[in-house]
Structures are given as C-alpha cells and as structure tokens.
Amino acid sequence: MDVTKMTYMICLDDHRSFTGELKKRFPDNSRYDVKSFITSEEFIDHLRKQKENSSCKITIIGVSETTDDYRRTRKIVKEVKAIDQNTGIILLGPEDRMEALKKNVMGIIDAYIPKNSSAILRIHNITKRLISEYKINKYKIRRNISLYVLFVFLFLAAIIVLVAYFRFPHFF
C-alpha cells in the first residue's frame, strides 16, 4: 500500500549547522536518506544522479545573510526545479532576514523556515506534509489510469451489446 519506500532529503549546508540535528530527527535509514553537501556543485550533481529515481525528494537549502547568497540561492532553486519539478524545496534562513529572503528568492518554494530552536521540528512537519502530498499525487495518477481503463471497458462493452442487439435481435 505504501507508495514511497524511501524519502531522499538532500541538504545544502555550508557550515554543517543543521545537518547533524536533521540526521538525529530522521534516524530510520530504511525510510529516510539524509545527505549533506557543502558546495552547490556537489549538491546539483547529486540531484542529477537522483533524477531517474521516482521516490520522494526534498531539498533543504541553508541561506546565509549576504545578498550574494540570495542570488546563488535563486540560481540553485531554478536548477533544482529544472532537474525535477516534483522535488520539494525548503529554505532555511536567518530569522531577521526572512522577508528579504521571500522577496529575493521567488519560485516554487514549499517552505521558508527561520533558523531558531524550533527549525528542525518545522522541517520535520513540512517533510511529513511533502511526503503525504507526494503519496496523494501518486494515488491520484493511479486512480485516473484505473478510471480510463474502466471507461474504455464500458465503452467496448456497450459497442459489443449494440452489435449483438442488431446482429441477433431474437436473443433480446
């Protein structure tokens, strides 16, 4: 019944400030794969390798306070969405700069989280939400395929009944 066997959490953490806590929060290695990268090149390369995998992928990007970092983050977000549209993006930034982060880094961002004591708990909750949305989308695709097959079957059955009615009217 479970669609997603593994959830890949890929972190871009320049100073390794939140990755250790994140690995403690998601200790089950059979369900979560938490990877951390220091450089954006390694981060993007790993995402390209994971492109073929149809599991749930969530990226967590740590943003520092400089405006140059906003440009770099905007570029990374565009590359992540170009690689895989279904990848969830969580931006983790300084608490006092969240409004500037929201204005400067626009795009399809699933969550903006300020760096504070409850950041890991918020990441956990948003991750659970993204996993649920991923599963719902997979079930929706399966349901639509099943409905298409059902409608094709009903259409063919109706055609066969009409042909039989005109071909063998004495049976009806």
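These values consider heavy atoms only, across backbone and side chains, with no hydrogens, waters or symmetry-generated copies. For the single chain, residues carry numbers from 1 onward in sequence order.
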* Asked: Looking at Asp33 and Lys57, does any basic side-chain N land under 4.0 Å from a carboxylate oxygen?
  -> no
* Which pair of non-hydrogen atoms, one from Ile83 and one from Arg48, has the smallest distance, and what is that distance? -> CD1-CG, 3.6 Å
* Pick out which of Leu91, Leu12, Ile89 makes a side chain to side chain contact (heavy atoms under 4.5 Å, CB included) with Thr73. => Leu91
* **Between NE2 on residue His46 and NZ on residue Lys35, distance to nearest 0.5 Å** => 5.5 Å
* Kindly compute the distance separating CG (Asp45) from OG1 (Thr39), expressed to the nearest 0.5 Å. => 8.0 Å
* To do: Walk me through it: do Arg71 and Lys75 pass the test side chain to side chain contact (heavy atoms under 4.5 Å, CB included)?
  => CA-CA 6 Å; Arg71 283 187 226 113; Lys75 181 181 147 203; over 6 Å; no
* Just how far is it from atom CD of Glu79 to atom CG of Leu47, taken to the nearest 0.5 Å? -> 9.5 Å
* Give the intermediate values and the outcome of salt bridge (charged side-chain N to carboxylate O under 4.0 Å, His left out) for residues Asp14 and Arg72. => CA-CA 12 Å; Asp14 294 341; Arg72 182 182 69 99; 3.2 Å; yes
* **Within-4.5 Å side-chain heavy-atom neighbours: Ile90 and Ile58** => yes
* To do: Answer yes when Arg129 and Glu133 have at least one side-chain N-carboxylate O distance shorter than 4.0 Å, and no when they do not.
  => yes
* Asked: In terms of heavy-atom contacts, does NZ of Lys78 have more than 12 from other residues, nucleotides or ligands at under 6.0 Å?
  -> no
* To do: Would you tell me whether Asp13 and Ser36 have side-chain atoms, one donor and one acceptor, within less than 3.5 Å of each other?
  => no
* Please examine the side chains of Lys23 and Tyr32, heavy atoms only from C-beta on, and report whether any two atoms are closer than 4.5 Å. => no
* Shortest non-hydrogen contact from Pro114 toward Ala119 -> O-CB, 3.6 Å
* Measuring from Met6:CE to Asn29:CG, what's the distance to the nearest 0.5 Å? -> 7.5 Å
* To do: Fit a plane to each ring of Phe43 and Phe37, take the angle between them on a 0 to 90° scale, and name the class: parallel (under 30°), tilted (30 to 60°) or perpendicular (over 60°).
  => perpendicular
* Rounded distance (nearest 0.5 Å) linking atom CZ of Phe18 with atom CG of Leu92 -> 5.5 Å
* Is any side-chain heavy atom of Arg25 closer than 4.5 Å to a side-chain heavy atom of Ile123? -> no
* Walk me through it: do Leu130 and Ile126 pass the test side chain to side chain contact (heavy atoms under 4.5 Å, CB included)? => CA-CA 6 Å; Leu130 291 173; Ile126 291 169; 4.1 Å; yes
* Asked: When rounded to the nearest 0.5 angstrom, what is the spacing between CD1 in Ile44 and CD1 in Ile76?
  -> 6.0 Å
* **Close side-chain approach of Ile60 and Met9, heavy atoms under 4.5 Å** => yes
* Asked: Take atom CZ in Arg167; do more than 12 heavy atoms of anything else shown fall under 6.0 Å from it?
  -> no
* **Joint hydrophobic cluster, Phe151 plus Ile159, side-chain heavy atoms closer than 4.5 Å** => no
* Asked: Do the non-hydrogen side-chain atoms of Leu22 and Cys11 ever get within less than 4.5 Å of each other?
  -> yes
